[in-house]
Amino acid sequence: CVKLEGRKITDFQWDPLSSDFLLVAYADRVKMYDVYFSQKIPDSEEKSISSFEKVSGGISSVQFIDEEPGNFVTSDSRTGV
């Protein structure tokens with residue numbers, strides 16, 4: 001079990017258009033991290049730059065959309081994408 005910020009990771013993806021951004025899916029939310037920024041300010045308490053909450057269903061996977069910078073889709077085991 002891999003954890004980040006004390007939470008179990010269900011999936012993660014690097015942005016195909018930038019090596020700075022990492023999208024991490026947890027069971028109940030998705031967070032985007034700016035790895036370059038996090039390295040410059042290592043003592044920063046909050047490393048994510050965006051957080052996207054999901055109320056129900058849980059998140060099983062996440063995928064950046066190649067043709068749309070910064071956009072992504074999530075899926076869960078009950079409803080799919």
Side-chain angles (χ1 to χ4, degrees):
C1 169
V2 177
K3 293 185 177 186
L4 181 64
E5 295 183 2
R7 305 175 73 90
K8 181 181 173 189
I9 295 173
T10 58
D11 195 15
F12 67 93
Q13 288 285 313
W14 286 100
D15 185 339
L17 303 176
S18 170
S19 60
D20 292 344
F21 300 106
L22 176 64
L23 200 57
V24 179
Y26 303 95
D28 62 343
R29 71 189 68 209
V30 174
K31 287 190 171 190
M32 185 180 296
Y33 295 88
D34 182 337
V35 177
Y36 177 78
F37 176 77
S38 294
Q39 290 174 351
K40 295 295 181 190
I41 305 176
D43 294 333
S44 175
E45 197 169 298
E46 178 59 50
K47 303 283 187 188
S48 67
I49 57 171
S50 296
S51 182
F52 308 91
E53 307 287 328
K54 182 167 175 146
V55 178
S56 64
I59 298 171
S60 58
S61 66
V62 65
Q63 178 70 46
F64 275 104
I65 301 172
D66 291 339
E67 302 81 23
E68 299 179 22
N71 286 328
F72 62 91
V73 294
T74 62
S75 67
D76 63 49
S77 59
R78 289 190 298 172
T79 60
V81 177

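Numbers here simply count residues along the sequence, with the first being 1.
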(request) With rounding to the nearest 0.5 Å, note down the distance linking CG in Asp20 to OH in Tyr33. (result) 16.0 Å
(message) Less than 4.5 Å apart, side chain to side chain, heavy atoms only: is that true for Asp34 and Phe21?
(response) yes
(message) If you compare all heavy atoms of Leu23 against all heavy atoms of Val30, which two are closest, and at what distance to 0.1 Å?
(response) CD1-CG1, 3.5 Å
(message) Using every non-hydrogen atom in the two residues, find where Ala27 and Thr10 come nearest and quote the distance to one decimal.
(response) N-CG2, 3.8 Å
(request) Not counting sequence neighbours, which residues clear side chain to side chain contact (heavy atoms under 4.5 Å, CB included) with Ile65? List them please. (result) Glu67, Glu68, Asn71, Val73
(request) Decide whether Leu22 and Leu17 are clustered together by the hydrophobic rule: side chain heavy atoms of Ile, Leu, Val, Met, Phe, Trp, Tyr closer than 4.5 Å, transitively. (result) no
(message) Which residue is it: Ile9, Val62, Asp11? I am looking for the one with a side chain to side chain contact (heavy atoms under 4.5 Å, CB included) to Tyr26.
(response) Ile9
(request) Quick one: list whatever passes side chain to side chain donor-acceptor pair (under 3.5 Å) with Ser61, sequence neighbours left out. (result) Ser75
